[in-house]
Peer 1: 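This is the structure I have questions about; it appears just below.
Here the structure is a predicted model, which is why all the values come from computation and not from measurement. Chain identifiers are assigned alphabetically (A, B, ...) following the order of the sequence lines, protein sequences preceding nucleic acid strands; residue numbering begins at 1 within each chain.
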Amino acid sequence: MPETETADRYDPQAIERKWQLVWEAENTWVVANPGSPEFDASKPKSYVLEMLPYPSGEPHVGHLKTYSVGDAIAHFRRRRGFSVVHPMGYDAFGLPAENNAIQTGVHPRIATEESIAAFREQFMRWGISIDWTRELGTHEPSYYRWTQWIFLKLYERGLAHRHEAPVHWCPKDQTVLANEQVIDGHCERCGTLVELRQLEQWFFRITEYAQQLLEDFELLESWPENVITMQKNWIGRSEGAEVVFRCEELDLDFPVFTTRPDTLFGATFFVLAPEHPEVERLAAGTEHDRAVREYVNEAARATAEERAGEEHQKTGVPLGREVTNPVNGERIPMFVADYVLMEYGTGALMAVPAHDDRDYEFAKAFDLPIRRVIEGTDPEDETGGSSSTERVATAGSTLASAEPPRIGDEEGLPYSGAGPLINSGPFDGKHNREAYAEIVSWLESEGRGEPAVNFRLRDWLVSRQRYWGAPIPIVYCDECGMVPVPEDQLPVLLPDIEDFAPKGKSPLAAAEDWVRTECPKCGGEARRETDTMDTFVDSSWYFLRYLDNRNDEAPWAREVVDYWMPVDQYIGGVEHAILHLMYARFFVKALHDMDLLDAREPFANLFTQGMITRDGAKMSKSRGNTVSPAEFTERFGADSLRTYICFMGPPIKGGDWTDEGVEGIFRFLARLWRLGREVVERTESSATLAAPAGEARELLAKTHWAIDKVTRDIDPRFQFNTAISAVMELVNETYRLKDGLYENETGAAVVRFAAATAASLLFPFAPHLCSEVYEWLEGKRVWEQPWPEADPALLERDTYMLVVQVNGKLRDRIEVASDTAESELVELAKGSDNVQRHLDGKAIVKEIVVPGRLVNLVVR
RNA sequence: GCCGGGGUGGCCAAACUGGUCUAGGCAGCGGACUUAAAAUCCGUGGUCCCUUCGGGGGCAUGUGGGUUCGAAUCCCACCCCCGGCACCA
């Protein structure tokens, strides 16, 4: 046997190497798919998955946390009788590798594959229980072939389409970005201020699924509430009506979306976004023509930031035209103003200054009429037209404040509450909630409007003018137009090029030989699409490919995917709450609707971990406060590192890294190691656990307490920190009692059982050391043993500490038998000297007895 | 501004359904072992006051109120920190 048998101190490097070799040689974590001869149908399945890493340099502490948490769950589930699939791969396409290539001239594939090797090496070194036969990289042709295949399926279904639209352009990265990748007007990756450009691009119609993406939260088992809320807000569903205002002079109809059709009679002006396509035509030939042009140009130049600036100063110019309000035939003036967004609704709105803050501000600034159409003073009275998202937002804030807020003036305007209508013709006197429906059906019957739902969600822009991504499998032919690449010609391989620098178009455009191709339809000359796909496309289906990664007939076998999906536990950072998680949900829904899989949601349970900081700040190279997991693994071993990460605090929260903390865990693991050594020497493995009493029973009870505590803390709660604390308590208790127990056979057996159980319970966090210690004590492989079960009889205590309070203050503690009757508890409480002192001369007015806990005597 | 999550010893934190506030760890302090140190093992850890040294009492979970026999936990108001969204009609 290896040298670890004779080592005189805990040597993590030797132990970890030993067990990693065992797992590798025996393919311990490999699981077979249904249909294969090794498939084990006797166990229930569990798909445990951590978000796949983007390989850049070496793994950092965030990765260590994700995989430590995920691996603990995977180990725990295996030992609870599940057949666990736990794969790993790399999200290998992407900008950092490409930017590096621009600087160094080294092909991104080289740097990426070096990094993948470093990641793999570290994951092995951490001893994560991965089924490596399922490994994949999204940059491999055998993977992106199927990314392209899915693109074509979406295209066939009309879910991928190309059209011109104003899109976000990052001038630094020289590519377009999806809405989700723009944070406060800045590029998510590099932080550069983005620009708007009018371009023809590929989009996925995620908006088709907006409603389902909202409704299907119901299908999930357990997702963090905040992630669901973030997605709901992002999707931003609003209910209301579309109402058509008509410009008679130019014979133009202007539909608007409103959530408040009940306030239609209060519309006193009409506003278009500066980008609205009709603006130029409207102003042409009027005295305002020039001013409008200037304003529009100014707005185009201004950044999103400037437009939404804190001052909220309302600006705009009149158009010199009027539209007719369909409900009362009134002609109201038109304006252009940048507080109206082209991206939302129709890019035009009816302004109701009396009942909308923004319209009110604008009206004040331009001295426009303000007409109140709803009476009332209670701002909290819910209006009939509030959207579902607004309801989410205001729930819980139903305090009845005495004074309505007076943002505007003495009349309490703008007023956003409910009440009876006034100045509303035939609807006067009706409550606005009632009028809402009537006005909408009236509009409908007149053909001037209809009920409508609006979403904030935009279609997903997937084209990127970059090299290092999956080519979009489309060909342009002068004769046939846009032609999808036939399935049997996939993958469209990424050609090798020399110059990766973006020039406003994809670097692929320079690969002339590659671009020039044959039209699959007519055989004539054609050109390839030179844009590549957003890397979020790659990561939207990788969890399906893991399940059948070697299939070269299809992206996956239906039987296999339907067996394993959905992912039972998904683990990753909360920073993916919107982007990745929503895109993956969309993909699974679209694939489901194409009858390619059963699942409707990819991830049944989601766990989002908090971020680890150091010195209270986010780790970054520029700050110089990064932690190198590789370095700490060298110093303390993977077990210490992984256990420390899980012990810092609840994994859902962040935590501040300290080197001393890792050392503390290392000391604890060494303590368990020494306990194991000592117990092996001092006890016989054959000893039986026969009816222990006294301290032996005490230790046995503590052991069962720890089993119970660790079990409950791991699974439903993800409270790994308290689970580990419980094992520490067990180890401490064993140290305290062991010397008195070695003497007799039963005592020795209990000590041995306690030590083995500590190793067994800590195994999900420190798998190598625990395999070692458990093998010494039990001669078995701990991962093959079922998770221990607590004996309920041993969880019951014979006696407990009765707390005695007088007027709710602690006055004594008395050890009593667990089955003591209530009346006797009171007598015992009254018998306490210290209690007597506090009762002194006073009358007991009440006796509160909580059996198993306390007695409280209320005196006066 | 809105939404979500937080605020407990010197620090990370525990406290499940309202029932002993501070489990476990880090740092500190004391002791044992040692020529000494490291390592290890044991002990001690909110604060103030009284003590015949056995102990006893007051105050303590961001602040101020409330409900309750009893509140870190429930309710109300406020302060601070973190994350997200933000002219969405």
Side-chain angles (χ1 to χ4, degrees), chain A residues 9 183-184 224-230 232-234 236-238 240 256-260 263 271 307-310 312 314 337-341 343-352 356-359 361-362 387 389-390 392-397 399 454-456 574-575 577-578 610-611 644 647-650 652-665 667-668 670-671 674 709 712-713 717 719 721-729 732 735-736 801-813 834 837-838 845-848 850 852-859:
Chain A
R9 57 181 189 85
I183 314 288
D184 286 337
E225 207 47 54
N226 61 330
V227 173
I228 293 177
T229 307
M230 280 161 89
K232 280 185 178 168
N233 289 341
W234 188 265
R237 183 181 197 274
S238 298
V256 297
F257 174 74
T258 176
T259 55
R260 297 296 305 277
T263 63
V271 195
R307 276 178 64 164
E310 316 90 71
H312 280 248
K314 292 285 177 287
D338 67 4
Y339 80 93
V340 179
L341 309 173
E343 309 92 81
Y344 188 77
T346 60
L349 61 80
M350 64 170 207
V352 184
D356 181 279
D357 293 350
R358 297 148 302 179
D359 296 345
E361 266 183 69
F362 191 87
S387 71
T389 47
E390 275 168 341
V392 169
T394 52
S397 60
L399 47 139
N454 224 288
F455 292 95
R456 182 187 174 279
V574 71
E575 65 273 18
I578 296 172
M611 195 174 53
Y644 171 61
F647 180 68
M648 289 171 78
I652 196 162
K653 296 208 305 191
D656 206 56
W657 175 280
T658 61
D659 293 3
E660 294 78 16
V662 187
E663 282 181 55
I665 292 294
R667 279 200 294 268
F668 164 63
R671 194 165 149 88
R674 283 190 302 272
K709 171 85 177 147
R712 284 183 296 117
D713 281 351
R717 303 216 305 155
Q719 285 263 5
N721 54 328
T722 50
I724 294 164
S725 294
V727 180
M728 287 173 171
E729 282 192 58
N732 290 345
Y735 264 81
R736 190 172 72 83
M801 281 307 213
L802 177 75
V803 168
V804 184
Q805 299 177 329
V806 176
N807 284 350
K809 296 208 179 218
L810 175 74
R811 295 306 175 197
D812 204 359
R813 274 169 246 203
N834 201 41
R837 204 172 307 147
H838 288 90
V845 295
K846 206 166 179 183
E847 293 166 353
I848 287 150
V850 183
R853 272 235 155 80
L854 59 79
V855 170
N856 185 13
L857 303 171
V858 185
V859 301

Peer 1: How far does the P atom of B:G70 sit from the matching atom of B:G30, given to the nearest Å?
Peer 2: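 Here B:G70 and B:G30 have their P atoms 44 Å from each other.
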Peer 1: Provide the distance between the two C1' atoms, one in B:A27 and one in B:A13, to the nearest whole Å.
Peer 2: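 One C1' to the other, the span is 14 Å.
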Peer 1: Determine the Euclidean distance between corresponding P atoms of B:U61 and B:G7; express it in Å to zero decimal places.
Peer 2: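 It comes out at 13 Å once rounded to the nearest Å.
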Peer 1: If I take atom CH2 in residue A:Trp657 and atom P in nucleotide B:C12, what distance separates them, rounded to the nearest angstrom?
Peer 2: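 Computing the A:Trp657:CH2 to B:C12:P distance gives 17 Å.
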Peer 1: Take atom CZ of A:Arg9 and atom P of B:C41, then tell me their distance rounded to the nearest Å.
Peer 2: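 Interatomic distance, CZ of A:Arg9 to P of B:C41: 15 Å.
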Peer 1: Strictly below 4.0 Å: does A:Arg667 bring a side-chain N or O up to OP1 or OP2 of B:G25?
Peer 2: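 Negative; the distance criterion is not met.
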Peer 1: On RNA chain B, nearest-nucleotide positions of A:Gly654 versus A:Thr258: which is more 5'?
Peer 2: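 Nearest-nucleotide comparison on RNA chain B picks A:Gly654.
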Peer 1: Quick one: A:Arg717 CZ to B:A14 P, roughly how many Å, whole number?
Peer 2: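 Result: 9 Å.
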Peer 1: Any strand counts, and the cut-off is 3.5 Å on both contacts for Watson-Crick or G-U wobble. Which nucleotide pairs with B:G19?
Peer 2: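 Result: B:C69.
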Peer 1: Provide, to the nearest angstrom, the distance between the CG atom belonging to A:Asn732 and the C1' atom belonging to B:G43.
Peer 2: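 So the two atoms are 13 Å apart, to the nearest Å.
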Peer 1: Tell me: CG of A:Asp359 to C1' of B:C87, nearest whole Å?
Peer 2: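 So the two atoms are 10 Å apart, to the nearest Å.
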Peer 1: From the list B:C87, B:A89, B:G58, which nucleotide is the closest neighbour of the side chain of A:Leu349?
Peer 2: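 Given the options B:C87, B:A89, B:G58, the side chain of A:Leu349 is closest to B:A89.
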Peer 1: Run A:Thr258 and A:Val352 through side chain to side chain contact (heavy atoms under 4.5 Å, CB included) and show every step you take.
Peer 2: CA-CA 10 Å; A:Thr258 176; A:Val352 184; over 6 Å; no
Peer 1: For the C1' atoms, the ones on B:C78 and on B:G46, what distance do you get once it is rounded to whole angstrom?
Peer 2: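 Taking atom C1' in both B:C78 and B:G46, they lie 26 Å apart.
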Peer 1: Could you state the interatomic distance from CD1 (A:Ile848) to CD (A:Gln805), rounded to the nearest 0.5 Å?
Peer 2: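 Here the rounded value is 9.0 Å.
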Peer 1: Could you tell me how far apart A:Tyr735 (OH) and B:U40 (P) are, to the nearest whole angstrom?
Peer 2: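 That distance rounds to 10 Å.
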Peer 1: For the P atoms, the ones on B:U8 and on B:G64, what distance do you get once it is rounded to whole angstrom?
Peer 2: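 The same atom, P, in both gives a distance of 16 Å.
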Peer 1: Atom CE of A:Met230 to atom P of B:C3: distance rounded to whole Å?
Peer 2: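 A:Met230 atom CE is separated from B:C3 atom P by 16 Å.
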Peer 1: Do A:Arg456 and A:Asn233 get their side chains close enough for a donor-acceptor pair, meaning under 3.5 Å?
Peer 2: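 No donor-acceptor contact under 3.5 Å links the two side chains.
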Peer 1: Do A:Ile665 and A:Met728 have side chains that get closer than 4.5 Å, going by heavy atoms?
Peer 2: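 They are in contact (side-chain heavy atoms under 4.5 Å apart), so the answer is yes.
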Peer 1: Roughly, in whole Å, what's the span from CZ in A:Arg853 to P in B:G18?
Peer 2: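 Rounded to whole Å, this separation is 11 Å.
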Peer 1: Using the P atom on both, measure B:C87 against B:U73 and round to a whole Å.
Peer 2: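 My reading of the P atoms in B:C87 and B:U73 gives 37 Å.
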Peer 1: Expressed in whole Å, how much space separates the P atoms belonging to B:A37 and B:A32?
Peer 2: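 That atom pair is separated by 11 Å.
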Peer 1: Hey, does the side-chain of A:Gln805 have a donor or acceptor N/O within less than 3.5 Å of a partner on the base of B:G19?
Peer 2: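 In this structure, the two groups form a donor-acceptor pair.
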Peer 1: CZ/A:Arg736 to CD/A:Glu729 distance, rounded to the nearest 0.5 angstrom?
Peer 2: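 CD of A:Glu729 is found 11.5 Å from CZ of A:Arg736.
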